[in-house]
Amino acid sequence: ILENNEVATEYTVIDNEDGTQTSHEYNGCGGAVYNCGNFNMYGGIIRGNVSLRGGAIYNDEIVLLVAGTIENNYSYSYGGAISSSSSQEAQMFIGSDTVDGDTIKIISNHAVRAGGALYSSTNSPIIIYGTTLFKNNVSDSSGGAIYTAGGLTISGTVFEGNSCVY
């Protein structure tokens, strides 16, 4: 999915578990989604994607994840699940404060350089709240679950079994 305006997904499955499709366009960014606008996820699964940056999602604007699972994605550099650019507009909002049990699960993603699950560069803040789980994400260098230089706010989040080599 390449989008420049707004895309909202609800209970959508983007599954490339066999690894046959990889991202070669747009400098190899975003194995499943290259976001240049607003990307909102309200459920579903993004699984098994491979990219140079952002194994599942490359973000240049705003990503809002309310519910769903992002798992088993791989980045040859930054952000096994999601990588944000250095654009001042790039922001990540992850979680839900509703009582109906919405959950984000970011599980078993891998980045070679930094941010096993999430990578955010200098101008890109990350806000994580509500029922969010980061589990078994790996970076070969820095930030087993999250690497950020752009600010980080976390509440109500579980980190389990994330690791980095460096």
Side-chain angles (χ1 to χ4, degrees), residues 1-3 7-36 38-85 90-95 102-121 124 126 128 131-148 150 152 157-166:
I1 299 172
L2 168 65
E3 61 93 5
V7 171
T9 66
E10 184 172 355
Y11 306 110
T12 301
V13 176
I14 300 172
D15 189 345
N16 186 34
E17 198 68 283
D18 66 0
T20 57
Q21 297 293 319
T22 59
S23 174
H24 297 291
E25 297 181 300
Y26 308 103
N27 296 320
C29 297
V33 176
Y34 187 101
N35 177 45
C36 299
N38 295 332
F39 179 77
N40 304 323
M41 183 173 174
Y42 298 100
I45 300 169
I46 301 176
R47 171 177 43 219
N49 298 281
V50 179
S51 181
L52 177 63
R53 297 185 103 191
I57 300 168
Y58 181 78
N59 179 42
D60 201 34
E61 291 287 333
I62 297 174
V63 168
L64 170 65
L65 306 178
V66 175
T69 300
I70 300 175
E71 66 181 352
N72 297 328
N73 297 285
Y74 187 89
S75 169
Y76 286 102
S77 60
Y78 303 106
I82 304 172
S83 179
S84 275
S85 73
Q91 301 175 52
M92 283 187 246
F93 300 95
I94 301 170
D102 288 337
T103 302
I104 286 289
K105 297 177 183 174
I106 301 177
I107 302 171
S108 299
N109 298 284
H110 188 148
V112 172
R113 297 196 63 193
L118 308 178
Y119 174 85
S120 177
S121 59
S124 307
I126 301 173
I128 305 168
T131 53
T132 303
L133 170 67
F134 289 86
K135 182 176 180 180
N136 297 334
N137 297 288
V138 176
S139 169
D140 292 346
S141 181
S142 303
I146 300 170
Y147 178 95
T148 184
L152 178 64
T157 301
V158 175
F159 292 89
E160 182 179 311
N162 301 286
S163 62
C164 68
V165 176
Y166 183 68

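Numbers for residues simply follow the sequence, beginning at 1.
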Do the side chain of [X] and the main chain of [Y] share a donor and acceptor less than 3.5 angstrom apart?
{"X": "Ser84", "Y": "Ser120", "result": "no"}
{"X": "Ser51", "Y": "Gly28", "result": "yes"}
{"X": "Asn109", "Y": "Ile70", "result": "yes"}

To the nearest 0.5 Å, what is the distance between [atom1] on [X] and [atom2] on [Y]?
{"X": "Met41", "Y": "Ile57", "atom1": "CE", "atom2": "CD1", "answer": "7.0 Å"}
{"X": "Ile62", "Y": "Ser124", "atom1": "CD1", "atom2": "OG", "answer": "11.0 Å"}
{"X": "Asp60", "Y": "Asn35", "atom1": "CG", "atom2": "CG", "answer": "7.5 Å"}
{"X": "Met92", "Y": "Leu64", "atom1": "CE", "atom2": "CG", "answer": "12.5 Å"}
{"X": "Ile104", "Y": "Leu65", "atom1": "CD1", "atom2": "CG", "answer": "4.5 Å"}
{"X": "Asn137", "Y": "Glu160", "atom1": "CG", "atom2": "CD", "answer": "11.0 Å"}

Residue pair [X] / [Y]: nearest heavy atoms and the distance that separates them:
{"X": "Tyr147", "Y": "Ser142", "value": "CD1-CB, 3.9 Å"}
{"X": "Asn162", "Y": "Gly144", "value": "CB-C, 4.1 Å"}
{"X": "Ala56", "Y": "Asn49", "value": "CA-CB, 4.4 Å"}
{"X": "Asn73", "Y": "Gly80", "value": "CB-O, 3.2 Å"}
{"X": "Ser139", "Y": "Gly116", "value": "CB-N, 3.7 Å"}
{"X": "Ala114", "Y": "Ala111", "value": "O-CB, 3.5 Å"}

For Tyr78, enumerate each residue passing the ring pair (Phe, Tyr, Trp, His ring centres under 6.0 Å) test, keeping only those at least two apart in sequence or located in another chain.
Tyr119

Is there a side-chain contact between [X] and [Y], using heavy atoms and a 4.5 Å cut-off?
{"X": "Asn59", "Y": "Phe39", "value": "no"}
{"X": "Phe93", "Y": "Val66", "value": "no"}
{"X": "Lys135", "Y": "Val158", "value": "no"}
{"X": "Leu118", "Y": "Thr148", "value": "no"}
{"X": "Val50", "Y": "Tyr76", "value": "yes"}

For Ser77, enumerate each residue passing the side chain to side chain contact (heavy atoms under 4.5 Å, CB included) test, keeping only those at least two apart in sequence or located in another chain.
Leu52, Arg53, Ser75, Arg113

Can you sort out the partners of Ser108 under side chain to side chain contact (heavy atoms under 4.5 Å, CB included), two or more places apart, ordered by chain and number?
Asn72, Asn136

Using the ring of each side chain (for Trp, its six-membered ring), is Phe159 parallel, tilted or perpendicular to Phe134, with breaks at 30° and 60°?
parallel

Derivation and outcome, side-chain contact (heavy atoms from CB on, under 4.5 Å), residues Val33 and Val63:
CA-CA 11 Å; Val33 176; Val63 168; over 6 Å; no

